Amino acid sequence: MPSKFTHDLLWLFRNTYRDTDNLTSNGSPVHRLIEQHSVDYWLWADLIAPESERLLKSVVRVERQEDADLFYVPFFTTISFFLLEKQQCKALYREALKWVTDQPAWKRSEGRNHIFPIHHPWSFKSVRRYVKNAIWLLPDMDSTGNWYKPGQVFLEKDLILPYVPNVNLCDTKCISESESKRSTLLYFRGRLKRNAGGKIRAKLVAELSGAKGVFIEEGTAGEGGKAAAQIGMRKSTFCLSPAGDTPSSARLFDAIVSGCIPVVVSDELELPFEGILDYRKIALFVSSSDAVQPGWLLKFLKGISLAQIRGMQRNLAKYSRHFIYSSPALPLGPEDLVWRMMAGKLVNIRLHTRRSQRVVKESRSVCACDCKRANFTVPVL
């Protein structure tokens, strides 16, 4: 793509990084939000690296459109949204859309084999309806309907990617050394009130505040907040991970790389790479209705044996590699798992593409409406 969609936006990000006045309405640093959703950068960095320097073998970049199975669109949609004026951002979105849809590859498949990084719920929003056939890289499916229109996103088509962690990795040695120092039973530091599905937070705070062994605190932005969260998670056995404005929360991945067993309270959550990873080995999943019952959650956590806790902590040390983005991208890191999950979608993409190319337009079997499809996973046989 032209540099206005890629390199120019990276330079804009770099040149404005120390602009401390650049905050969201709730006081969060804009650049931190961009980094949290920077999956577009990490995938792009892997793909543009010389093949001699790349460590991943799960995907190969080709030079001709005709030779490609998939097309990754390297447009930094989140940087555009946060760092450009509203109308300027929308204009750039339209330009990017036109550039992509003018390509022969798009016209052949109607975009079904194209991959768009739309990892922030607001990014690319004004033109999403024109790329509804494409694969979207998302933080979650958001069944609340606040961020995506009905029928826009579903597991058969799209892919969930982890947020970029906001804390440093606590590796196997770190987890082993911190076992005896984890004096806090349950830890949470973050926004105590959220919208939509995140309203569960206020109920959990009301239920858990003041309980012995529980640490709950309103989070603060910046390096101080990051340091406090990192220290708190490394001193805790369990980390509460309730829904945010969407069913997912970056806190889940902060807990995983901190060796703190996540306690997920989010009934509609979809997880990254679940076709490859078994989250039951590293996290506890609790229904919202159970979690807010007086005394239920703490009794549940205290009933978990030390042997089970140690086993899950050892698994966290093994699983953390799947959530650490890096350059060069590492085997079994999140970039690698993206390409492995994409490979599983290829048969279905080819089916829909070839069918659309051969079906007679006047045929009754052609869907002329915007079909609303439930979230489901198609098994690969």
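Throughout, numbering of the chain's residues begins at 1 and tracks the sequence. Keep in mind the model is a prediction, meaning the values are calculated, not measured.
Using a 4.5 Å cut-off on side-chain heavy atoms (C-beta onward), Y72 and P117 make contact. Residues K302 and K299 are not in side-chain contact: their nearest non-hydrogen atoms beyond the backbone lie 4.5 Å or more apart. At a threshold of 4.5 Å between non-hydrogen side-chain atoms, the residues V100 and M1 count as touching. Side-chain contact between V264 and L271 is absent, with no heavy-atom pair separated by less than 4.5 Å. F285 is listed as a side-chain neighbour of Y279, based on a closest heavy-atom distance under 4.5 Å. Using a 4.5 Å cut-off on side-chain heavy atoms (C-beta onward), R182 and K235 make no contact. Within the 4.5 Å cutoff, side-chain heavy atoms of V263 are placed close to those of L301. Proximity of I261 to I282: side-chain heavy atoms (C-beta onward) are nowhere separated by under 4.5 Å.
Here the straight-line distance linking atom CG of L240 with atom CZ of R201 works out to 8.5 Å at 0.5 Å rounding. The distance from atom OG of S123 to atom CD1 of I79, rounded to the nearest 0.5 Å, is 11.0 Å. Rounded to the nearest 0.5 angstrom, I231 CD1 and T184 OG1 are separated by 12.0 Å. The CG atom of D254 sits 8.0 Å away from atom OG of S249, with the distance rounded to the nearest 0.5 Å.
The ring pair (Phe, Tyr, Trp, His ring centres under 6.0 Å) check on H322 picks up Y319, with sequence neighbours excluded. Listed by chain and residue number, H119, L161, Y325 satisfy the side chain to side chain contact (heavy atoms under 4.5 Å, CB included) test with V39 (two or more places apart in sequence, or in another chain).
Both L10 and V73 belong to a common hydrophobic cluster when Ile, Leu, Val, Met, Phe, Trp and Tyr are linked at side-chain heavy-atom distances under 4.5 angstrom. In the hydrophobic clustering of ILVMFWY residues, with side-chain heavy atoms under 4.5 Å counting as a link, L330 and F253 come out apart. Using a 4.5 Å cut-off between side-chain heavy atoms of Ile, Leu, Val, Met, Phe, Trp and Tyr, with links allowed through other members, F13 and I48 fall into the same hydrophobic cluster. Linking Ile, Leu, Val, Met, Phe, Trp and Tyr whenever their side-chain heavy atoms come within less than 4.5 Å puts I304 and V214 in one cluster. Hydrophobic clustering, with ILVMFWY side chains joined whenever heavy atoms are under 4.5 angstrom apart, keeps F5 apart from F71.
Between the side chain of E110 and the backbone N or O of W106, no donor-acceptor pair lies under 3.5 Å. Side-chain atoms of E335 come within 3.5 Å of backbone atoms of S326 as a donor-acceptor pair (strictly under, hydrogens ignored).
With ring centers used as reference points, F82 lies under 6.0 Å from H120. Remark: aromatic rings of F116 and W136 are distant, center separation not under 6.0 Å. Checked against the 6.0 Å centroid criterion, the rings of H7 and W44 qualify as a close aromatic pair.
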Please report the C-alpha distance between K57 and D336 in whole Å, then the side-chain angles of each, then the deciding distance to 0.1 Å, and finally whether the salt bridge (charged side-chain N to carboxylate O under 4.0 Å, His left out) criterion is met. CA-CA 8 Å; K57 306 302 180 185; D336 191 21; over 6 Å; no
Working note: R280 + D278, criterion salt bridge (charged side-chain N to carboxylate O under 4.0 Å, His left out); need CA distance, chi angles, decisive distance, verdict. CA-CA 6 Å; R280 296 172 300 174; D278 184 355; 3.0 Å; yes
Run the salt bridge (charged side-chain N to carboxylate O under 4.0 Å, His left out) test on E95 and K4 for me, step by step, so that the C-alpha distance in whole Å, both residues' side-chain angles and the decisive distance to 0.1 Å come before the verdict. CA-CA 10 Å; E95 285 187 61; K4 70 171 75 175; 2.6 Å; yes
I'd like to know whether R234 forms a side-chain contact (heavy atoms from CB on, under 4.5 Å) with C174, so could you lay out the CA-CA distance, the side-chain angles of the two residues, the decisive distance to 0.1 Å, and finally the verdict. CA-CA 9 Å; R234 293 189 181 189; C174 168; 3.8 Å; yes
Quick one, H31 with T16, criterion side-chain contact (heavy atoms from CB on, under 4.5 Å). Give me CA distance, side-chain angles, the key distance, then yes/no. CA-CA 9 Å; H31 287 82; T16 60; 3.0 Å; yes
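Considering every non-hydrogen atom in both W122 and F81, the closest pair reads CE3-CE2, 3.2 Å. Here the closest non-hydrogen pair linking Q293 and E207 is O-OE2, 3.7 Å. In terms of heavy atoms, D267 sits closest to S287 at OD1-CA, 3.5 Å.
No more than 12 heavy atoms of other residues, nucleotides or ligands lie within 6.0 Å of CD in E63, so this atom counts as exposed by the packing criterion. Within 6.0 Å of CH2 on W296 lie more than 12 heavy atoms contributed by other residues, nucleotides or ligands. Around atom OH of Y41, no more than 12 heavy atoms belonging to other residues, nucleotides or ligands sit under 6.0 Å away.
Cluster partners of M233, using a side-chain heavy-atom cutoff of under 4.5 Å among ILVMFWY residues and allowing indirect links, are Y187, F215.
With hydrogens and angles left out, the side-chain atoms of W339 and D46 include a donor and acceptor closer than 3.5 Å.
No cation-pi contact links K90 to Y93, judged by a cut-off of 6.0 Å to the six-membered ring centre and 45° from its axis.
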